[in-house]
Novice: 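One structure, pasted below without further comment.
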Amino acid sequence: MALHFEKAEFARRLARLTEKMKEEKLDALLLFAQESMYWLTGYDTFGYCFFQTLVVKSDGTMALITRSADLRQARHTSILEDIHIWVDRVNADPTLDLKNLLVEMDLLGARIGVEYDTHGMTGRVARLLDAQLTTFGQIVDASYLVSRLRLIKSPTEVAYVERASVLADDALDAAIRLTKPSADEADILAAMQGAIFSGGGDYPANEFIIGSGADALLCRYKAGRRKLDANDQLTLEWAGAYAHYHAAMMRTIVIGDPTHRHRELYNACRETIEAIETVLKPGQTFGDVFDMHARIIDERGLARHRLNACGYSLGARFSPSWMEHQMFHVGNPQPIEPNMSLFVHMIIADSDTGTAMTLGQTYLTTADAPRALSRHPLDFIGL
């Protein structure tokens, strides 16, 4: 089997999950998030674009229902032994197959949690599932049960995040080598992704962000490339990925002569991220991190140019996003605990002057101060 973790670690994860299920008085859990299945069993696929679910009972029994195309994938990449196939056919309703499986597992009338808030659960599947199970048992939303357990990383997971961070640094080195007037964004992007692949890494869970000129103010990927001008700005957001574990970074590189506004916005980013490092530790919450971000940025008169979140938890994620549910936004009560991998980003987009500035890196929390995982300093990058 192509497993990235020892079976003993999977056993510990299952024990943590079933303990939490008993606390929540759940007889079973239907996992639709691919990262939940990967974390619990090692199952590694992009087949979640079709219907599949992992049934977990509170006694630790597990059964996967998926398509025939993923049968061997599940056998090869996971510890799962009980695998059921629903058949592709006209007007297929795999939720009926699931209900029959739940009957076989003696779950009629049970209290069943469902991961609704995931890319592996479409609106159509949710409607079909609810139609089948509304009278079957007590159905509750358990979207974040496994997600919260995944916040705390094991030693092996930490090692994978650290390896991903090395690959992210390698990608920045590759970008800096090519960034100059007349350089093509396509070459820079290819070099960054190539550095990660050459280092044994994976595809990231979403596209890298690359944009220059006016596009440097964007914080999403879009199609289309351009060549850099003699005086330009290039915003990059990317992640090293290893065994699906991500370490994200973000930088705006200034080509040619930086403007006064570039320096001003960079100073705000640097001051804010350094202040956040003082609260990114146990005893604080995700909301406290955002409050620090908002206070400093707003005091500098930049409230209109900042975002309403300044980072999020990272881990093993699958397309279309490497972002976890737990984000740094106003009022988030999630406590910060040791061994979390957290991406902090400063994004300032001044549309009035057309000036972009970003600064971001991944941290590992400890019992005290956080540990930055990048070997690159937070210095201004001008080329």
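This structure is a prediction, so every number in the text was calculated from the model and none was measured.
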Novice: Answer yes if the side chains of S374 and D169 hold a donor-acceptor pair under 3.5 Å, and no otherwise.
Specialist: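 Note: S374 and D169 side chains meet the donor-acceptor criterion.
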
Novice: What I want to check is whether the side chains of H376 and D173 have a donor and an acceptor closer together than 3.5 Å.
Specialist: yes

Novice: Determine whether the side chains of Q334 and T285 contain a donor N or O and an acceptor N or O closer than 3.5 Å.
Specialist: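 Short answer, no.
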
Novice: Give the C-alpha distance, both sets of side-chain angles, the deciding distance and a yes or no for side-chain contact (heavy atoms from CB on, under 4.5 Å) between V146 and Y144.
Specialist: CA-CA 6 Å; V146 175; Y144 311 116; over 6 Å; no

Novice: If you measure only the distance, is there a donor-acceptor pair under 3.5 Å linking the side chains of D27 and Q138?
Specialist: no

Novice: Under 3.5 Å, is there a donor-acceptor pair between the D130 and Y116 side chains?
Specialist: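 Their side chains do contain a donor-acceptor pair, which is all the 3.5 Å distance test asks for.
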
Novice: Got a sec: does the CZ of R127 have more than 12 other heavy atoms crowding it under 6.0 Å?
Specialist: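 Atom CZ in R127 is not crowded, with 12 or fewer foreign heavy atoms closer than 6.0 Å.
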
Novice: Is it the case that the side chains of E162 and Y160 hold a donor-acceptor pair, with the cut-off being a distance below 3.5 Å and no angle test?
Specialist: no

Novice: Sub-3.5 Å donor-acceptor pair from the side chain of R306 to the main-chain atoms of I347, do we have one?
Specialist: no

Novice: State whether the side chain of S351 and the backbone N or O of G354 hold a donor-acceptor pair below 3.5 Å, judged by distance alone.
Specialist: no

Novice: Verify whether one side chain among H84 and D97 offers a donor that lies under 3.5 Å from an acceptor in the other.
Specialist: no

Novice: Hey, is the main chain of G382 close enough, under 3.5 Å, to the side chain of H262 for a donor-acceptor pair?
Specialist: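 Side chain of H262 to backbone of G382: no pair is present.
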
Novice: May I ask you to check whether S212 and D215 show a side-chain donor-acceptor distance below 3.5 Å?
Specialist: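 Result is no, nothing qualifies.
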
Novice: Would you say CZ of R124 has more than 12 non-hydrogen atoms from neighbouring residues, nucleotides or ligands within 6.0 angstrom?
Specialist: no

Novice: Are side-chain N/O atoms of D141 and S143 paired as donor and acceptor at under 3.5 Å?
Specialist: yes

Novice: Who are the salt bridge (Lys or Arg N to Asp or Glu O under 4.0 Å) partners of E23, not counting sequence neighbours?
Specialist: K20

Novice: Would you say E185's side chain and R225's backbone share a donor-acceptor pair under 3.5 angstrom?
Specialist: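 A pair under 3.5 Å: no.
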
Novice: Do N308 and H329 pass the side chain to side chain donor-acceptor pair (under 3.5 Å) test, and can you show the C-alpha distance, the side-chain angles, and the key distance before you say yes or no?
Specialist: CA-CA 6 Å; N308 293 322; H329 58 65; over 6 Å; no

Novice: Validate the cation-pi geometry between R317 and Y38: distance from NZ or CZ to the six-membered ring centre under 6.0 Å, angle to the ring axis within 45°.
Specialist: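 Ring-cation test returns no.
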
Novice: Could you tell me if S313 and E324 have a donor-acceptor pair between their side chains, going purely by distance under 3.5 Å?
Specialist: no

Novice: Can you see whether H293 engages T272 through a side-chain donor-acceptor pair at a distance of less than 3.5 angstrom?
Specialist: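 T272 and H293 do not have a side-chain donor-acceptor pair below 3.5 Å.
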
Novice: Okay, side chain of T95, backbone of L98: is any donor-acceptor separation there less than 3.5 Å?
Specialist: no

Novice: Ignoring hydrogens and geometry beyond distance, is a side-chain donor-acceptor pair present between E277 and Y363 at under 3.5 Å?
Specialist: yes

Novice: What I'd like to find out is whether the side chain of L54 reaches to under 4.5 Å of the side chain of T66, using heavy atoms alone.
Specialist: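 L54 does not reach T66 side chain to side chain.
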
Novice: Does a salt bridge link D184 with R226, judged by any charged N lying under 4.0 Å from a carboxylate O?
Specialist: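 Between R226 and D184 there is no salt bridge, as every charged N stays at least 4.0 Å from the carboxylate O atoms.
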
Novice: Kindly confirm or rule out a cation-pi arrangement of R163 over Y245, judged by NZ or CZ under 6.0 Å from the six-membered ring centre and within 45° of its axis?
Specialist: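 So R163 doesn't make the cation-pi contact.
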
Novice: Does K57 reach the side chain of M62, with side-chain heavy atoms less than 4.5 Å apart?
Specialist: no

Novice: Does the side chain of E115 pick up a donor-acceptor pair with the side chain of S36 at under 3.5 Å?
Specialist: yes

Novice: Under 4.5 Å between side-chain heavy atoms, counting indirect links through other Ile/Leu/Val/Met/Phe/Trp/Tyr residues: same cluster for F50 and L64 or not?
Specialist: no

Novice: Have T358 and T252 got a donor and an acceptor in their side chains that come within less than 3.5 Å?
Specialist: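 The answer is yes; a qualifying pair exists.
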
Novice: Given side-chain contact (heavy atoms from CB on, under 4.5 Å), test L342 with T362 step by step and report yes or no.
Specialist: CA-CA 5 Å; L342 305 176; T362 299; over 6 Å; no

Novice: Short question: side chain of D202, backbone of A243 - any donor-acceptor pair under 3.5 Å?
Specialist: yes

Novice: Please evaluate residues Q326 and S147 with respect to the criterion side chain to side chain donor-acceptor pair (under 3.5 Å), reporting the C-alpha separation (whole Å), side-chain torsions for both, the decisive distance (0.1 Å), and the verdict.
Specialist: CA-CA 9 Å; Q326 299 83 8; S147 178; 3.0 Å; yes

Novice: Over 60° means perpendicular and under 30° means parallel, so tell me whether W322 and H246 are parallel, tilted or perpendicular.
Specialist: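 Rings of W322 and H246: tilted, as their planes differ by 30° to 60°.
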
Novice: Can you name the side-chain hydrogen bond (donor to acceptor under 3.5 Å, both in side chains) partners of N206, sequence neighbours left out?
Specialist: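 With neighbours one apart ignored, the set is empty.
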
Novice: Between K22 and E19, does a salt bridge (Lys or Arg N to Asp or Glu O under 4.0 Å) hold up when you go through it step by step?
Specialist: CA-CA 5 Å; K22 289 168 185 174; E19 179 182 2; over 6 Å; no

Novice: Counting heavy atoms not belonging to Y242, are there more than 12 under 6.0 Å from its OH?
Specialist: no

Novice: Quick one: does D288's side chain have a donor or acceptor within less than 3.5 Å of a partner on Q284's backbone?
Specialist: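 Side chain of D288 to backbone of Q284: no pair is present.
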
Novice: When you look at T18 and D59, which way does the side-chain contact (heavy atoms from CB on, under 4.5 Å) test go after all the steps?
Specialist: CA-CA 7 Å; T18 53; D59 65 2; over 6 Å; no

Novice: If we ignore hydrogens and angles and just use 3.5 Å, is the side chain of E157 paired with the main-chain N or O of S154 as donor and acceptor?
Specialist: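 Answer holds: yes.
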
